[in-house]
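One structure below.
Values below: every heavy atom of this structure, side chains too, minus hydrogens, waters and symmetry copies. To find a chain, count down the sequence lines: A is the first, B the second, and so on, and within it residues start at 1. These numbers come from a predicted model, not from an experiment.
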2 protein chains.
Amino acid sequence: MNFAILAGIAVCWTDRKQSPSRLLREVSKILEKLLNAIQNSPLTRKLSAFVALSENELAVLERLHKRRRSFVAGRDLVHQGQSKQAAYILAAGWACSYKTQPDGSRQIVDFQIPGDFLGLRSVLLHMSDHSIEPIVDIQAAEVLAGDLLGAFARTPRLATAILWAASRDEAMVVEHLVGLGRRDADERMAHFLLELGARLALVGMGSKGGYACPLTQYHLADALGLSAVHVNRVLRKLREDKLVTFRDGHVTFDNYDRLVALAQFDPTYLDHIGPILK
Amino acid sequence: MNFAILAGIAVCWTDRKQSPSRLLREVSKILEKLLNAIQNSPLTRKLSAFVALSENELAVLERLHKRRRSFVAGRDLVHQGQSKQAAYILAAGWACSYKTQPDGSRQIVDFQIPGDFLGLRSVLLHMSDHSIEPIVDIQAAEVLAGDLLGAFARTPRLATAILWAASRDEAMVVEHLVGLGRRDADERMAHFLLELGARLALVGMGSKGGYACPLTQYHLADALGLSAVHVNRVLRKLREDKLVTFRDGHVTFDNYDRLVALAQFDPTYLDHIGPILK
DNA sequence: CGCCAACTTGAACTTAGTCAAATGTCGTGG
DNA sequence: CCACGACATTTGACTAAGTTCAAGTTGGCG
């Protein structure tokens with residue numbers, strides 16, 4: 001009995017005859033397992049949205065989610081310069097990775113939402129070049145370097161899928177860099193809010209209408225390279241122009257299309273189909 | 001007969017007795033091969049500076065350098081949005097990867113110098129999210145996705161070394177992002193010139209005294225998120241302050257230590273020892 | 001020689017930062 | 001219940017950094 005999810009469509013096949021009732025029973029058992037895996041893990045959900053994962057691969061992925069730990073908001077999970085070998089898969093809550101300068105100012109490099117890896121690069125460099133802070137209380141699965149490499153060796157397709165997700169993250173960092181270098185404050189904010197919405201939509205936490213967002217204006221300032229004061233002004237302007245409203249922990253897109261036009265937002269780099277479905 | 005280069009020191013050993021003259025002959029043969037490989041390939045040189053590579057791994061690395069091609073300055077090697085599966089190893093010359101915005105402005109994400117990979121991420125995403133432009137005439141070895149994966153499968157240590165180099169590149173992009181978000185124009189320029197110097201020193205093309213640099217002030221402007229006019233002013237100021245001189249395709253550090261202090265340059269993220277020498 | 005690209009400089013302008021102060025909100029302890 | 005502090009948000013007035021526009025200068029090369 002074989003089973004796979006292909007671009008959202010379940011496919012199953014068998015090479016020998018079976019009674020219909022037995023076939024049905026098996027399929028339903030597998031479906032239940034899959035549903036379980038996908039519902040329990042935003043990472044699985046994210047990867048499944050792009051890449052065909054077999055039952056076996058899903059099982060390996062699930063095994064990576066053992067060793068679950070909780071962390072409280074605000075206390076650094078990893079600190080810049082710390083030598084640490086573990087990565088994490090974020091299961092619930094938001095985090096951000098940032099670097100602090102000697103003069104005290106900080107730059108947020110990226111936000112992580114459920115399904116994202118934390119500190120994958122640190123594992124390879126054997127040293128964290130940045131800090132990671134939980135923005136709210138979070139749940140994360142610790143992944144030891146050895147387990148990850150083991151999983152890669154046993155399921156190369158999964159390895160490719162994870163590397164693909166890492167590449168996608170890197171593409172987002174590049175887009176962020178472009179924003180800091182070549183977009184003014186309004187465009188930067190618009191682009192940021194749109195990108196975050198697109199990412200959240202992938203794990204079922206947002207839509208074109210808006211999304212819940214626990215970030216403070218200080219987080220936005222540190223991410224966008226602006227002062228908190230200016231962030232506030234920009235948000236006011238966007239709100240008054242009926243483009244987007246950021247208020248009380250919630251982002252509401254008042255006019256998605258005009259916002260996309262302002263930000264010159266092109267979600268191509270997020271939308272791409274994965275590398276496995278050839 | 002075994003042989004390795006370990007942090008710049010050659011090591012050889014054998015498990016059976018051999019006549020001294022024969023041993024000597026073998027060692028000199030191997031040395032010649034290695035010298036050849038290292039001189040011919042800046043990538044080999046870069047990796048060897050951090051990671052112990054065996055004779056076999058060096059041979060595999062050399063094989064990746066077949067299929068050498070030339071490209072003229074200014075004509076895009078890869079274009080944004082292009083679907084392309086090959087990556088390149090830059091053998092000679094300088095290139096830059098950049099993104100252009102719909103409004104025509106461009107942001108240079110990174111410069112590549114000999115020994116760097118071009119478009120490694122594009123291979124995984126099956127699509128280039130940026131363009132690559134040779135700054136001068138360049139020589140690059142085309143690496144097909146298949147060859148790369150084959151080499152990875154046969155020599156996992158080499159795979160780790162290359163992934164490590166890729167992580168290091170990503171760390172540089174992050175540092176660049178921090179610069180755009182949280183450093184003013186002077187610091188940004190100082191930091192950039194220092195980082196470039198450190199990278200070039202790794203492949204023997206620069207020192208604490210300075211280095212040859214084919215970039216124009218427009219390149220600097222596009223990389224640092226400044227206008228070309230302002231780049232000119234910043235360069236003048238740094239020159240007048242006797243910190244660094246950028247002129248006639250040559251960067252000269254007039255006062256390395258004060259420049260490091262101004263830029264708050266911390267080369268930790270470039271200096272790190274590789275992942276294999278545990 | 002004349003052209004072109006890179007570089008240089010000045011002046012006016014715009015964006016975003018800094019400083020300062022007021023408002024709002026939430027949870028804690030009296 | 002209210003007072004209080006901690007923190008996030010909001011607004012205004014002023015300032016500094018960097019852009020834009022415009023007009024040269026320089027140097028290499030056909």
Side-chain angles (χ1 to χ4, degrees), chain A residues 72-75 94 96 101 103-108 133 135-137 179-193 212-240 244-252 262, chain B residues 72-75 94 96 101 103-108 133 135-137 179-192 212-240 244-251 262:
Chain A
V72 298
R75 170 178 255 118
W94 294 44
C96 68
Q101 306 268 155
D103 71 4
S105 68
R106 84 167 181 174
Q107 175 65 48
I108 292 180
E133 177 192 299
I135 288 168
V136 295
D137 292 352
L180 290 176
R182 288 295 173 219
R183 279 195 270 266
D184 68 22
D186 300 359
E187 295 167 350
R188 230 180 279 178
M189 179 68 73
H191 194 279
F192 174 78
L193 294 177
C213 172
L215 304 180
T216 68
Q217 295 187 2
Y218 288 90
H219 285 123
L220 295 179
D222 285 346
L224 302 179
L226 301 169
S227 65
V229 172
H230 201 58
V231 163
N232 186 275
R233 282 194 260 264
V234 169
L235 287 175
R236 168 157 56 124
K237 184 152 177 293
L238 293 177
R239 192 185 332 123
E240 285 170 358
V244 61
T245 306
F246 179 98
R247 194 184 275 279
D248 298 328
H250 210 275
V251 174
T252 311
L262 167 66
Chain B
V72 298
R75 170 178 254 118
W94 294 45
C96 67
Q101 306 270 149
D103 71 3
S105 68
R106 86 169 178 172
Q107 175 65 47
I108 292 180
E133 177 192 299
I135 289 169
V136 296
D137 292 352
L180 290 176
R182 288 294 174 218
R183 278 194 270 267
D184 68 22
D186 299 0
E187 294 166 351
R188 231 180 279 178
M189 179 68 75
H191 195 279
F192 174 79
C213 172
L215 304 179
T216 69
Q217 296 186 0
Y218 289 91
H219 285 123
L220 295 179
D222 285 346
L224 301 179
L226 300 169
S227 66
V229 172
H230 201 60
V231 162
N232 186 276
R233 282 192 257 265
V234 168
L235 287 175
R236 171 159 52 122
K237 183 152 176 295
L238 292 176
R239 194 186 330 124
E240 286 170 356
V244 61
T245 306
F246 179 98
R247 192 184 275 280
D248 299 328
H250 210 275
V251 174
L262 168 66

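The side chain of B:D184 sits closest to D:dG18 out of D:dG18, C:dG10, C:dA16. Of the candidates D:dT10, D:dT20, D:dG18, the closest approach to any side-chain atom of A:Q217 belongs to D:dT10. Closest to the A:V229 side chain, of the nucleotides D:dC21, C:dA6, C:dA20, is C:dA20. Side-chain proximity of B:Y218 to C:dA20, C:dC7, C:dA16: nearest is C:dC7. For B:N232, counting side-chain heavy atoms from C-beta on, the closest listed nucleotide (C:dT8, C:dA6, D:dT20) is C:dT8.
Among the atoms of the strands shown, base atoms are found under 4.0 Å from some heavy atom of B:S227. When heavy atoms are screened at a 4.0 angstrom cut-off, A:L235 is found touching no nucleic acid atom at all. Across all strands shown, B:G249 has no heavy atoms under 4.0 Å from either base or sugar-phosphate atoms.
We find that CG of A:L220 is positioned 11 Å from P of D:dT10, with the value rounded to whole Å. Here D:dA17 presents its P atom at 17 Å from CG of A:L226, a figure rounded to the nearest Å. As a whole-Å value, the separation of A:E187 CD from C:dA16 P is 9 Å.
Between B:A221 and B:S227, the shortest heavy-atom contact is CB-C, 3.8 Å. Closest non-hydrogen pair, B:L224 versus B:R188, comes out as O-NH1, 2.6 Å.
The base of D:dT26 has none of its N or O atoms less than 3.5 Å from a complementary donor or acceptor on the side chain of B:R247. Side-chain atoms of A:R233 come within donor-acceptor range of the base of C:dT18, with a qualifying N/O pair under 3.5 Å.
When B:V251, B:L262, B:L235 are each tested for a side-chain contact (heavy atoms from CB on, under 4.5 Å) with B:V244, only one passes: B:V251.
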